[in-house]
Amino acid sequence: MIAMSPTVTLKGNVKFSLKRALVGGDMTKSSYTGPGELLLAPPMLGDITIIKLGGSEQWSVGKDAFLACTQGIVTEYKSQGLSKALFSGEGLFVYKISGQGILWVTSFGAIIRKDLQANEKYIIDNGHLVAWNCKYVMERASSGGIISNSAAGEGLVCKFTGPGTVFMQTRNPQAFAQWMAGVSQGTA
């Protein structure tokens, strides 16, 4: 929160979960009610966008991308499977969002929206996912061998298939953290 009107009431909740304690995830939740204005900001340099849910769809949201939602939205912290956990850049658990209302997601860098038609395919480098409501599989980024992949600086990517929408971020938090570690050691 940046600021709020004095007519808005803040209530905090703590939900302890062994799963969230071990693998990450928010254990605290703030609820804001009442008429007035509420200003929110992302924790990192980046964008905020809204996703309107009509009650019939489900979204997957990266662990660091969930910012806020209105009442009527259901948020669950669920496993996405071991292979996607290891290579998607999102970890073992992601938010599964459903219900009816508005969801705010945030990114590291700008947010880009890609709407996919039925059976349309789109490839996204892992580490750039924000939110998605279509299926994806992990694939190798290039057709060369290990040396070719290493030289290209690419590894596995997420191959999405429509119909659906994918929100991606222009920056990769893991790559940025590695770059910052190199800067602090004088090797970047």
Side-chain angles (χ1 to χ4, degrees), residues 17 19-20 22-27 40-54 56-69 73-99 101-143 149-150 152-181:
S17 156
K19 172 173 58 175
R20 289 183 186 196
L22 292 174
V23 297
D26 294 329
M27 290 193 282
L40 299 174
M44 295 186 285
L45 299 172
D47 278 348
I48 298 173
T49 195
I50 64 167
I51 300 173
K52 295 180 181 177
L53 282 83
S56 61
E57 68 273 17
Q58 182 179 52
W59 284 82
S60 296
V61 175
K63 64 183 184 313
D64 297 324
F66 177 84
L67 181 63
C69 63
I73 297 291
V74 178
T75 61
E76 299 176 273
Y77 207 51
K78 297 237 178 177
S79 168
Q80 64 169 347
L82 187 59
S83 65
K84 288 181 180 176
L86 292 174
F87 302 112
S88 71
E90 294 305 319
L92 182 59
F93 293 92
V94 295
Y95 286 101
K96 297 293 184 176
I97 310 290
S98 60
I102 300 173
L103 166 68
W104 285 267
V105 293
T106 185
S107 66
F108 182 43
I111 292 177
I112 300 167
R113 177 185 176 134
K114 180 68 176 174
D115 294 312
L116 301 175
Q117 301 302 315
N119 297 315
E120 180 181 3
K121 300 200 182 312
Y122 200 69
I123 297 170
I124 301 172
D125 188 29
N126 61 353
H128 290 272
L129 297 177
V130 174
W132 59 97
N133 68 353
C134 48
K135 295 186 184 312
Y136 76 95
V137 296
M138 303 301 299
E139 285 191 357
R140 283 184 36 196
S142 63
S143 58
N149 284 341
S150 298
E154 299 294 327
L156 293 173
V157 294
C158 304
K159 186 174 187 180
F160 285 86
T161 302
T165 300
V166 182
F167 289 94
M168 34 197 154
Q169 58 194 7
T170 58
R171 304 273 185 245
N172 181 325
Q174 292 86 7
F176 181 72
Q178 290 172 348
W179 179 79
M180 289 299 292

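All values reported here derive from a predicted model rather than from experimental measurement. When reading the values below, keep in mind they use all heavy atoms of this one structure, side chains included, and skip hydrogens, waters and symmetry mates.
Nearest heavy atoms, I123 versus V157: CG2-CG2, 3.3 Å. Nearest approach of L53 to G99, heavy atoms of both residues: CB-O, 3.4 Å. The minimum heavy-atom distance between I102 and K52, with the atom names listed, is CG1-CG, 4.4 Å. Across all non-hydrogen atoms, the minimal contact from G164 to C134 is CA-CB, 4.0 Å. Here the closest non-hydrogen pair linking D115 and E120 is O-OE1, 3.9 Å.
Annotation: the span from M44 atom CE to D64 atom CG amounts to 5.5 Å, rounded to 0.5 Å. Distance CG/D125 to CE/M168: 11.5 Å, rounded to 0.5 Å. A distance of 6.0 Å separates CD in E76 from OG in S98, rounded to the nearest 0.5 Å. Separation of atoms CD1 (I51) and CG (N133) is listed at 8.0 Å; rounding is to 0.5 Å.
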task: Start with the C-alpha distance between K96 and S60, add both sets of side-chain angles, then the distance that settles side-chain hydrogen bond (donor to acceptor under 3.5 Å, both in side chains), and finish with yes or no.
output: CA-CA 5 Å; K96 297 293 184 176; S60 296; 2.8 Å; yes
query: Step by step, would you call N172 with W179 a side chain to side chain contact (heavy atoms under 4.5 Å, CB included)?
result: CA-CA 11 Å; N172 181 325; W179 179 79; over 6 Å; no
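Residues P163 and Q117 fail the side-chain proximity criterion, which asks for heavy atoms closer than 4.5 Å. Counting only heavy atoms from C-beta outward, the side chains of V61 and F167 never approach each other to under 4.5 Å. Between T161 and L116, every side-chain heavy-atom pair lies at or beyond the 4.5 Å cut-off. The shortest side-chain heavy-atom distance between I97 and C69 does not fall under the 4.5 Å cut-off. Taking the side chain as every heavy atom from C-beta outward, R113 and I111 never approach each other to under 4.5 Å. Proximity of V105 to W59: side-chain heavy atoms (C-beta onward) are nowhere separated by under 4.5 Å.
Under a 3.5 Å cut-off, the side chain of Q169 and the backbone N or O of F108 do form a donor-acceptor pair. Remark: side-chain polar atoms of T106 are not paired, donor with acceptor, to backbone N or O of A65 under 3.5 angstrom. Between the side chain of S107 and the main chain of D47, a donor-acceptor pair closer than 3.5 Å is present.
Environment of CG in L45: sparse, with no more than 12 heavy atoms of neighbouring residues, nucleotides or ligands closer than 6.0 Å.
In this structure, Y122 has its ring center no closer than 6.0 Å to that of W132.
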